[in-house]
Amino acid sequence: MDVGKFYNVVYTRGKYEIEYENNVKCIKITPKSYRIERIDGSTFLIRQDSILKLKEISK
């Protein structure tokens with residue numbers, strides 16, 4: 001992921017849960033995670049090793 005770009009992300013949350021996030025923007029990169037911003041302005045962290053699929057989209 002690169003800061004300022006938009007992505008569709010599929011990632012694991014726990015052992016059996018898979019989450020889908022569409023049209024999210026990467027706003028910060030840390031050594032083990034990414035800080036992501038949704039369209040509504042809320043932010044959250046995704047661990048780098050939990051990402052299953054990542055697709056960059058043009059916005």
Side-chain angles (χ1 to χ4, degrees):
M1 285 189 159
D2 294 322
V3 174
K5 295 189 178 181
F6 289 86
Y7 296 94
N8 290 339
V9 183
V10 179
Y11 63 98
T12 60
R13 205 178 265 250
K15 191 171 184 177
Y16 299 107
E17 297 178 41
I18 295 176
E19 297 284 332
Y20 299 88
E21 293 288 342
N22 294 320
N23 301 321
V24 294
K25 182 168 88 170
C26 179
I27 58 174
K28 185 178 180 181
I29 299 173
T30 64
K32 294 185 179 182
S33 62
Y34 298 108
R35 172 70 62 183
I36 305 299
E37 182 178 24
R38 293 182 179 115
I39 294 172
D40 65 0
S42 62
T43 64
F44 62 101
L45 285 173
I46 295 179
R47 289 190 342 257
Q48 291 177 357
D49 60 348
S50 69
I51 295 176
L52 301 174
K53 187 174 180 183
L54 181 67
K55 182 179 179 185
E56 184 178 345
I57 58 173
S58 59
K59 189 80 173 183

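No experiment lies behind these values; they were computed from the predicted model shown.
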Min side-chain heavy-atom separation Val24-Val9 under 4.5 Å: yes
Qualifying residues under salt bridge (charged side-chain N to carboxylate O under 4.0 Å, His left out), relative to Glu19, sequence neighbours excluded: none
If you define the side chain from C-beta out and look only at heavy atoms, does anything of Tyr34 sit under 4.5 Å from Ile51? yes
Excluding sequence neighbours, so at least two apart, what forms side-chain contact (heavy atoms from CB on, under 4.5 Å) with Tyr16? none
Audit row: Asp40, Arg38, salt bridge (charged side-chain N to carboxylate O under 4.0 Å, His left out) steps and yes/no: CA-CA 5 Å; Asp40 65 0; Arg38 293 182 179 115; 5.5 Å; no
Any idea which heavy atoms bring Tyr7 and Glu56 closest together, and the distance? CD2-CA, 3.5 Å
Is any side-chain heavy atom of Asn23 less than 4.5 Å from a side-chain heavy atom of Asn8? yes
May I ask whether Phe6 and Ile36 are part of the same hydrophobic cluster, defined by side-chain heavy atoms of I, L, V, M, F, W, Y residues being less than 4.5 angstrom apart, directly or through others? no
Residues that Asp2 engages under salt bridge (charged side-chain N to carboxylate O under 4.0 Å, His left out), provided they are two or more places apart: Lys5
Between the CZ atom in Arg35 and the CD1 atom in Ile46, the distance rounded to the nearest 0.5 Å is 10.5 Å
Using every non-hydrogen atom in the two residues, find where Ile29 and Met1 come nearest and quote the distance to one decimal. CD1-O, 3.5 Å
Is any side-chain heavy atom of Thr43 less than 4.5 Å from a side-chain heavy atom of Lys28? no
Test of understanding: clusters of I, L, V, M, F, W, Y form through side-chain heavy atoms closer than 4.5 Å, transitively. Do Leu54 and Phe44 belong to the same one? yes
